[in-house]
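Everything on this sheet refers to the single structure shown next.
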Amino acid sequence: MAKEITPRATDYARWYTDVVLKSQLADYSPVKGCMVIRPNGYALWENIQKTLDGMFKETGHVNAYFPLFIPKSFLAKEAEHVEGFAKECAIVTHTRLKATGESGHMSVVPDPESALEEELVVRPTSETIIYSMFAKWVQSWRDLPILLNQWANIVRWEMRTRLFLRTTEFLWQEGHTAHATHEEAEEEVLRILEIYRRFAEDYLALPVLTGVKTEKEKFAGALRTYAIEALMQDGRALQAGTSHDLGQNFARAFDVRFQAASGGWEHVWNTSWGVSTRLIGAVVMAHGDDDGLILPPRIAPLQAVIVPIWRNDEQQRETVAAAREIEGRLRRAGVSVRVDDRDSVNPGFKYAEWELRGVPLRLELGPRDVASGSVMAVSRLDRSKTPLPWDGLGESVPALLEAIQGALFERARQRREETTRGVDSWEAFVAGVESGGFLLARHCGGTECEVQIQDETKATVRVIPPDRPDDPGPCVRCGAPAAGRVVFARAY
RNA sequence: CGGGGCGUGGCGCAGCCUGGUAGCGCACCUGUUUUGGGAGCAGGUGGUCGCCGGUUCAAAUCCGGCCGCCCCGACCA
């Protein structure tokens with residue numbers, strides 16, 4: 001049929017692209033590297049936003065909005081930050097176009113008269129512009145902490161892009177805070193990391209490892225970067241969220257100072273943290289199958305679809321009426337549900353279409369079910385069927401949805417457990433990288449050695465686990481003494 | 001930036017080598033029979049063949065130039 005999806009086993013990358021396009025999460029745009037997030041995809045993002053936004057607000061954060069354009073000079077103020085982002089900034093040089101050419105061959109070019117005195121960078125991230133404002137707003141220790149978040153779009157001119165996982169423009173949230181002490185900032189960074197972990201696991205059903213990034217992998221300008229790392233079905237890791245302890249690096253660059261209770265002037269301690277629309281890609285890759293998306297019920301825009309089935313006009317009236325009645329009950333029970341009563345396609349087509357879109361639960365309602373006062377619930381996970389009596393649907397359906405949520409997480413967790421293992425020799429390491437998954441290996445901590453490993457195997461240190469047990473031994477690559485193990489994998 | 005592939009109805013492709021009425025599948029429209037796993041039959045709509053130029057009586061096809069996109073690598077959430 002027209003909706004064929006490349007099987008995962010044939011070509012995982014193509015499978016991913018097929019699923020994203022065919023389930024109508026997104027489409028390619030006329031501009032290279034950019035994508036259109038279609039209603040199916042945007043609804044997912046809205047659910048992600050709603051939940052995370054609530055978690056941020058519960059922990060005292062407030063939303064604000066800073067401009068898209070940043071003075072070019074700002075990017076140069078923090079040494080490591082320039083290094084990290086200079087190569088991928090879009091830059092605005094003119095403020096208007098002018099028409100050229102003759103009729104029939106008209107074109108537009110930047111009007112040389114309108115060249116900007118100071119060119120503007122389209123934000124690749126907002127530390128610089130936000131901390132320039134903090135400098136203005138902070139005077140006293142009483143002004144701290146500042147706990148801000150913004151929902152925004154940003155632009156990073158990457159060389160190679162992939163739907164949701166890496167696009168030129170993407171949507172994200174970026175939290176930015178300022179604190180009086182390093183301890184307080186570090187607490188904040190860990191609080192957010194925990195929010196990310198909880199969100200990934202409890203809502204996206206994505207088991208994640210948390211930990212610290214190495215010097216090589218940390219955010220440009222940070223003292224230290226924490227991250228959550230998820231594992232995709234093909235055995236590659238995906239960084240799903242980061243939380244940075246920025247120390248006083250930006251505070252010094254932008255002169256964000258406050259007068260302490262003791263009277264002296266001190267620089268603030270900043271943190272920044274973010275997750276992006278990449279999370280949608282993570283959900284697709286972690287849970288989907290050869291029939292399409294599988295969405296975790298807690299963030300699925302549509303949790304259940306009711307498919308009435310009929311053979312004649314009378315049955316059609318009967319089953320559709322019953323479907324509407326059930327739809328009403330489920331809505332009152334807080335379930336996101338709709339009836340698919342289209343007469344233009346047959347039930348089999350509807351099954352395939354809703355499976356492609358990842359709706360967790362299908363409720364089939366034919367004459368037999370109407371006669372018995374029940375519906376046939378079919379799980380998107382494994383197509384297992386459960387007949388449910390109409391009485392009690394307000395409880396049985398939410399219970400089934402929760403069961404699917406749990407099973408989805410458990411399945412992903414098992415996949416990770418099965419492909420997470422310790423390796424001690426370089427041979428085992430190389431072979432392990434090839435077969436995918438997380439490798440627990442000793443590493444000396446040297447950046448050069450880490451680069452060497454990446455060059456040779458494409459694997460990188462994903463995280464250094466927190467509170468890792470002492471497990472001294474030789475570095476898996478260079479043999480130098482290592483205190484313990486870190487997590488390696490090939491990553492997206 | 002390096003390597004590979006591709007631009008032909010909405011989508012996926014054939015035709016190009018060897019120039020001569022633009023074709024197939026899906027989708028779409030109409031009718032009809034269907035409807036518990038992607039329906040059958042009949043009839044239909046829709047294309048300046050990526051763009052510019054050249055050769056020729058004649059170009060989707062041959063030649064030159066340009067543009068764009070996708071995939072693989074280095075950079076990255």
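Residue numbers start from 1 in every chain, and the chains themselves are labelled A, B, ... in the order their sequence lines are given, proteins ahead of strands.
- Residue A:L165 is classed as a base contact, given a heavy-atom separation below 4.0 Å to a base.
- Map A:D343 and A:T167 each onto its nearest nucleotide of RNA chain B; the residue landing nearer the 5' end is A:D343.
- Consecutive Watson-Crick or G-U pairs involving RNA chain B, each under 3.5 Å on both distances, make up stems of three or more pairs at B:1-7 with B:67-73, B:10-13 with B:23-26, B:28-33 with B:39-44, B:50-54 with B:62-66.
- With B:C75, B:G37, B:G36 as the choices, the nucleotide that has an atom nearest any side-chain atom of A:A352 turns out to be B:G37.
- Residues A:D291 and A:R383 are paired through a salt bridge, judged by an N-O separation under 4.0 Å between the basic side chain and the carboxylate.
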Would you tabulate the pairs of protein nitrogen or oxygen atoms and nucleotide nitrogen or oxygen atoms of nucleotides 29-32 of chain B closer than 3.5 angstrom?
none

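- Nearest nucleotide to the A:R156 side chain, out of B:G38, B:G36, B:C76: B:C76.
- Within 4.0 Å of A:Q239, counting heavy atoms only, lie sugar-phosphate atoms of the nucleic acid but no base atom.
- Note on A:R311: a side-chain N or O is less than 4.0 Å away from OP1 or OP2 of B:U35.
- Comparing B:G10 with B:G2, their P atoms sit 34 Å apart, to the nearest whole Å.
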Open item on the list: Using the rule given for ring pair (Phe, Tyr, Trp, His ring centres under 6.0 Å), can you reason through A:F438 versus A:F488, listing the C-alpha separation, both sets of side-chain angles and the distance that settles it, and then say yes or no?
Closed with: CA-CA 6 Å; A:F438 287 127; A:F488 279 95; over 10 Å; no

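- There is no side-chain donor-acceptor pair under 3.5 Å between A:T225 and A:T242.
- Residues satisfying the side-chain hydrogen bond (donor to acceptor under 3.5 Å, both in side chains) criterion with A:T93, sequence neighbours excluded, are absent altogether.
- Note on residues 205-222 of chain A: pairs passing side-chain hydrogen bond (donor to acceptor under 3.5 Å, both in side chains), not counting sequence neighbours, are A:K213-A:E229, A:K213-A:Q239, A:T214-A:E450, A:E215-A:K218, A:K216-A:Q454.
- Between the side chains of A:Y226 and A:E194, no donor-acceptor pair is found at a separation under 3.5 Å.
- Spacing between atom CD of A:E456 and atom C1' of B:A74 amounts to 16 Å, rounded to whole angstrom units.
- Rounded to whole Å, the P atom of B:C26 lies 16 Å from the corresponding atom of B:G38.
- If you take atom P in B:G3 and the same atom in B:C66, they sit 16 Å apart, rounded to whole Å.
- No contact: A:Q316 has no heavy atom under 4.0 Å from any strand.
- Annotation: salt bridge (charged side-chain N to carboxylate O under 4.0 Å, His left out) contacts involving residues 310-320 of chain A, sequence neighbours excluded, are absent.
- Within 4.0 Å (heavy atoms only), A:R342 reaches no atom of the nucleic acid at all.
- In this entry the distance linking CG of A:N312 with C1' of B:G36 reads 14 Å, nearest Å.
- In this structure, A:D340 places its CG atom 14 Å from C1' of B:G36, rounding to the nearest Å.
- A distance of about 36 Å separates the P atoms of B:C6 and B:A42, rounded to the whole Å.
- Residue A:E353 places no side-chain atom within donor-acceptor reach of the base of B:G38, judged by atom type and a 3.5 Å distance cut-off alone.
- Atoms CD (A:Q315) and P (B:U34) sit 12 Å apart, rounded to a whole Å.
- Between A:N346 atom CG and B:C41 atom P there is a gap of 14 Å when expressed in whole angstrom units.
- A:E201 and A:R413 are not joined by a salt bridge, as no carboxylate oxygen comes within less than 4.0 angstrom of a charged side-chain nitrogen.
- By the 4.0 Å N-to-carboxylate-O rule, A:R362 lies close enough to A:E364 to be salt-bridged with it.
- Residue A:W151 is tested with A:W172, A:W45, A:Y65 for a ring-ring contact (aromatic ring centres under 6.0 Å, His included); the sole match is A:W45.
- The distance between atom CG of A:D11 and atom C1' of B:G4, rounded to the nearest whole Å, is 15 Å.
- When heavy atoms are screened at a 4.0 angstrom cut-off, A:R14 is found touching no nucleic acid atom at all.
- A:D369 contributes a side-chain N or O that forms a donor-acceptor pair with the base of B:G36 under 3.5 Å.
- With sequence neighbours left out, A:D341 forms a salt bridge (Lys or Arg N to Asp or Glu O under 4.0 Å) with A:R324.
- Here B:G36 presents its C1' atom at 14 Å from CZ of A:R383, a figure rounded to the nearest Å.
- Atom C1' of nucleotide B:G37 and atom CE of A:M376 are separated by 14 Å, given to the nearest angstrom.
- Residues passing the salt bridge (Lys or Arg N to Asp or Glu O under 4.0 Å) test with A:D11, sequence neighbours excluded: none.
- The OG1 atom of A:T17 sits 11.5 Å away from the CD1 atom of A:I5 when rounded to the nearest 0.5 Å.
- B:G12 and B:C63 are spaced 30 Å apart, taking the C1' atom of each and rounding to whole Å.
- With sequence neighbours left out, A:W273 forms a ring pair (Phe, Tyr, Trp, His ring centres under 6.0 Å) with A:F56, A:H61.
- Applying ring-ring contact (aromatic ring centres under 6.0 Å, His included) to A:F254 and the options A:Y131, A:F134, A:F74 leaves one that passes, A:F74.
- Across B:A74, B:G38, B:G36, the shortest atom-to-atom separation from the side chain of A:Y351 is found for B:G36.
- As rounded to the nearest Å, B:U61 and B:A22 have P atoms that lie 14 Å from one another.
- For the P atoms, the distance linking B:U32 with B:C52 amounts to 46 Å, nearest Å.
- Scanning for salt bridge (Lys or Arg N to Asp or Glu O under 4.0 Å) contacts around A:R380 gives A:D289, with sequence neighbours left out.
- If A:S344 and A:G84 are placed on RNA chain B by their nearest nucleotide, the residue sitting closer to the 5' end is A:S344.
- Using P as the reference atom, B:C67 and B:C24 are 36 Å apart when rounded to the nearest Å.
- For the segment residues 279-310 of chain A, residues with any heavy atom less than 4.0 angstrom from an atom of RNA chain B are, sorted by number, A:I309, A:W310.
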Can you tabulate the close N/O pairs, meaning under 3.5 Å, that link protein atoms to atoms of nucleotides 66-71 of chain B?
from, atom 1, to, atom 2, distance (Å)
B:C69, OP1, A:K32, N, 3.1

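- Taking A:E158 as the reference, nothing meets the salt bridge (Lys or Arg N to Asp or Glu O under 4.0 Å) condition, with sequence neighbours excluded.
- Using a 4.0 Å heavy-atom criterion, one finds that A:S276 contacts the bases of the nucleic acid, with or without backbone contacts as well.
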